[in-house]
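See structure below.
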Amino acid sequence: MNRVRLLVLNAALGPLDYSVPKGMRVEPGSVVIAPLGPRTVTGIVWDEGRLPGKQVDSNKLRPIREVVDVPPLSAPLRRLIEWTAEYYCAALASVARMVLSSGGALGGPTTMTEYRLSGGLPERMTSQRLAAIETLEDEQGTIRELAGIAGVSEGVLRGLVNQGVIEPVMVAIDRPYPQADADFHQPELSLDQRAVAREMVDAVAARSFAPFLLDGVTGSGKTETYFEPVAQALRMGRQVLVLLPEIALTENFLSRFEQRFGAAPVQWHSSLKSTERRRAWRAIAGGPKGGGAQVIVGARSALFLPYADLGLIVVDEAHEISFKQDDGVRYNARDVSVMRARFEGVPVILSSATPALESLHMASSGIYKKLVLPSRFGVAEMPAIKLIDLTIEKPANGRWLSAPLIEGIAARLAAGEQALLFLNRRGYAPLTLCRNCGHRFQCPNCSAWLVEHRLSARLACHHCGLETKPPEKCPECGEADCLVACGPGVERIADEVAELFPEARIAVATSDTLGSPERAAEFIAQAEAKAIDVIVGTQLVTKGFHFPELTLVGVVDADLGLEGGDLRAAERTYQQVAQVAGRAGRGAKPGEVLLQTRHPDAAVIAALANGDRDAFYAAETEARRDAGAPPFGRWAAIILSSEDEREARMAAARLGDCRPVQDDLYILGPAPAPMALLRGRFRYRFLVNARRSANLQKALREWIGAQDFPPGVRVGIDIDPYSFV
Ligand code: ADP
Ligand code: ZN
């Protein structure tokens with residue numbers, strides 16, 4: 001090969017051709033550095049004939065500068081990059097960046113400094129120094145990590161380094177990972193579990209593409225069961241990817257994994273340090289053998305890592321909408337994981353107690369194989385769901401808990417059990433206004449109210465991250481001490497519980513309070529140790545957690561999710577409530593679920609109360625069929641935005657004027673998006689509804705690709721959107 005075409009990691013550039021100097025060895029997938037003008041670009045050598053572009057004369061080509069010392073990206077991964085770019089109407093370079101841009105994986109230092117006790121003692125002992133010396137025996141890590149373990153400041157430790165009490169050690173960043181043992185602790189599976197596990201284990205052994213929908217009620221042992229095909233892949237010496245929807249769930253998973261396999265898996269998520277990312281990336285590319293990465297547990301971005309020998313993919317809580325990425329390349333990790341499994345020729349397991357309607361449809365069409373775990377493991381029973389009609393059981397003014405729910409909490413506290421109150425709203429109150437003039441506090445950058453966070457004493461925008469101190473005077477009328485909180489958030493519910501039950505130990509569980517893996521781990525430990533009586537939480541606590549003493553779940557506002565024009569509102573409400581209900585009564589004691597609603601007759605609420613999942617899905621399926629919505633038709637959203645309202649509006653109007661006219665494509669808009677202003681940009685939206693027969697991507701590319709937009713206008717295409725803001 002003396003000339004190659006590169007996919008360069010810069011979306012503004014197309015593919016570029018280079019020559020290969022004598023003696024340099026490259027192959028498709030090789031990562032290389034090449035000159036471009038006075039600078040260099042990183043690129044991936046691509047398969048011949050698969051990237052469009054003009055053929056440049058061979059004698060005009062510049063030579064590749066160097067080959068990066070990482071294994072070439074595999075053919076299945078290259079096909080995945082192509083498919084993802086094509087399907088989601090994204091630039092190839094943007095997708096390739098998700099594979100390669102991972103904290104200096106391609107270069108950078110290969111060693112780092114860690115610290116440990118040297119055995120010496122300081123000249124002067126203080127209580128902090130003593131604490132450090134006592135807790136850091138057998139520990140090694142960065143100063144920051146050690147400070148965290150010892151509970152002292154980094155300054156204290158640096159003082160000890162200066163005195164030689166703590167010594168630096170050079171360690172290789174790419175050091176081996178502890179190896180998992182497939183047979184470390186094999187649980188006794190139930191009959192149902194065994195049958196389901198058997199099918200998945202056989203599929204792993206068969207080394208071919210096989211998509212499964214593992215559909216089991218909450219607490220049925222889905223995790224325990226899918227650990228069997230994971231064990232099979234380990235026995236075959238292959239790698240496994242387990243995708244989780246949130247970092248907050250990782251801690252829980254890690255400890256269960258360790259109990260089963262005797263070693264922690266390799267983690268991949270956004271809060272890894274860059275050295276950890278580098279170590280993980282290289283170990284994943286290096287393969288499972290000899291201290292390499294065997295099982296990788298991660299957030300959606302782990303899907304694009306360069307696995308050397310992938311044998312299985314598991315998507316846990318596969319219905320979760322956080323698998324959908326809503327910026328950059330707008331992909332859905334659940335769908336892309338099925339494609340990756342297909343390109344790799346391996347099984348993929350979508351595990352959920354409340355599968356997405358699309359996934360159930362794939363199963364009933366015979367494309368996915370459905371495996372069912374119909375009942376809870378052991379003695380645990382599914383909890384009964386009771387409705388509380390808020391139009392009859394009215395909470396007191398400015399209060400949100402009805403009498404029956406309060407009685408329920410009181411009974412659990414008296415019995416020494418735990419209760420969980422679910423409300424999917426962070427902060428104290430979703431709206432703040434001035435009692436005097438009615439002024440409402442709005443985000444200056446977004447079409448959204450500012451949410452009061454009393455724990456951090458801030459008004460915050462949940463869309464752009466803006467935070468301000470609540471002002472002492474109303475900015476509109478100048479009146480002092482006039483701000484009123486409207487509506488409930490979890491912090492306010494926690495206050496209400498504290499007033500009602502002053503003795504109760506209450507924990508607020510949201511991404512604000514459990515944002516990091518460490519804090520999540522601490523929360524889990526406290527809840528398990530029964531140091532918490534009442535948990536008040538958002539959707540973060542609806543899944544994954546297993547607290548045997550938790551026997552009451554209260555849904556503060558079951559109607560909340562049904563507001564707004566979201567296509568999947570009913571499905572999402574069903575999933576959220578069924579999931580959070582699934583936290584109750586997972587141990588020996590039976591659980592109870594109380595659902596506060598103003599619409600006890602709404603189809604989804606009634607289905608929840610009757611435990612009639614099939615009826616709900618059947619009705620929802622028919623509604624989708626009538627609307628031409630997924631899985632029967634497809635949607636795409638096109639958002640044009642600009643800092644200049646007029647510019648955005650004009651660009652949208654022009655795009656609207658040349659819309660394609662096709663029988664199988666309906667284009668709605670342009671109209672101001674529901675979030676007409678977001679992060680300081682004005683937004684106009686088209687919604688495209690396509691029949692299954694339409695080639696949606698081709699139509700969009702031809703329509704939008706033919707336009708020239710002013711430089712201030714950004715165009716975002718969202719295929720199969722989940723967010724309709
Ligand atoms: P799911 O993922 O379906 O909600 P889990 O896998 O979390 O269910 O299982 C619920 C609980 O039951 C966990 O504590 C799990 O350890 C336990 N469990 C499930 N199956 C078994 C088994 N075969 N042997 C022992 N414990 C089990
Ligand atoms: Zn904002």
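Ligands are counted one by one from 1 in listed order, and the atoms in each one are counted from 1 as well.
- Annotation for ligand 1: atoms under 4.0 Å from non-hydrogen atoms of Arg586 are 4 (O), 7 (O), 10 (C).
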Give the C-alpha distance, both sets of side-chain angles, the deciding distance and a yes or no for ring pair (Phe, Tyr, Trp, His ring centres under 6.0 Å) between Phe616 and Tyr574. CA-CA 8 Å; Phe616 170 71; Tyr574 187 88; 4.6 Å; yes
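- Using a 4.0 Å cut-off to heavy atoms of Leu189, the atoms of ligand 1 that qualify are 23 (N).
- There is a side-chain donor-acceptor pair under 3.5 Å between Thr354 and Gln579.
- Distances shorter than 4.0 angstrom occur between a heavy atom of Ser220 and an atom of ligand 1.
- Within a 6.0 Å sphere centred on CZ of Arg194, heavy atoms belonging to other residues, nucleotides or ligands number more than 12.
- Relative to the ring axis of Tyr722, Arg568 places its NZ or CZ within 45° and under 6.0 Å from the centre.
- For atom 2 (O) of ligand 1, the closest non-hydrogen atom on the protein side is Thr223 OG1, 3.1 Å.
- The existence of a salt bridge linking Lys222 and Asp215 is excluded, since no basic side-chain nitrogen approaches an acidic carboxylate oxygen closer than 4.0 Å.
- Of the listed residues (Ile532, Val508, Thr513), just one forms a side chain to side chain contact (heavy atoms under 4.5 Å, CB included) with Phe523, and that residue is Ile532.
- Both the backbone and the side chain of Lys222 come within contact range of ligand 1, each with a heavy atom under 4.0 Å.
- For ligand 1, the atoms sitting less than 4.0 Å from at least one non-hydrogen atom of Val217 are 3 (O), numbered in the order shown with element in parentheses.
- Nearest non-hydrogen protein atom to atom 8 (O) of ligand 1 is Gly221 N, 2.9 Å.
- Within the protein, the N, O or S atoms lying under 2.8 Å from the Zn ion (ligand 2) are Cys443 SG, Cys446 SG, Cys461 SG, Cys464 SG.
- Of the protein's non-hydrogen atoms, the one nearest atom 17 (C) of ligand 1 is Phe377 CD2, 4.0 Å.
- Ranking the protein heavy atoms by distance from atom 4 (O) of ligand 1 puts Gly219 N, 2.8 Å first.
- Asp316 does not count as a contact of ligand 1, since none of its heavy atoms falls under 4.0 Å from the ligand.
- Remark: distances from the non-hydrogen atoms of Arg256 to ligand 1 include one below 4.0 Å.
- Remark: minimum distance from atom 14 (O) of ligand 1 to any protein heavy atom is reached at His546 NE2, 3.1 Å.
- For the pair Arg454 and Tyr428, the distance from NZ or CZ to the six-membered ring centre is under 6.0 Å and the angle to the ring normal is within 45 degrees.
- Here the heavy atom of the protein found nearest to atom 20 (N) of ligand 1 is Gln193 NE2, 3.0 Å.
- Atom CZ of Arg714 has 12 or fewer heavy atoms from other residues, nucleotides or ligands within 6.0 Å.
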Which donor-acceptor pairs under 3.5 Å do side chains of residues 458-475 form with protein atoms, sequence neighbours excluded?
residue : atom : partner : partner atom : Å
His462  : NE2  : His453  : NE2          : 2.8

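- Counting non-hydrogen atoms of neighbouring residues, nucleotides and ligands closer than 6.0 angstrom, the CD atom of Glu381 reaches no more than 12 such neighbours.
- The environment of CD in Glu643 is sparse: at most 12 heavy-atom neighbours from other residues, nucleotides or ligands sit within 6.0 Å.
- With a 4.0 Å cut-off on non-hydrogen atoms, Thr225 does not touch ligand 1 at all.
- Contacts with ligand 1 closer than 4.0 Å are made by backbone heavy atoms (N, CA, C, O) of Glu188 only, the side chain lying farther away.
- Between Phe227 and Phe261, the angle of the ring planes goes over 60°, which puts this pair in the perpendicular group of the 30/60° scheme.
- Under a 4.0 Å N-O distance rule, the pair Glu592/Arg412 qualifies as a salt bridge.
- Ser641 and Arg683 share no donor-acceptor pair across their side chains, judged by distance under 3.5 Å alone.
- When hydrogens are left out, the protein atom nearest atom 16 (O) of ligand 1 is Glu224 OE1, 2.9 Å; that is the closest non-hydrogen contact.
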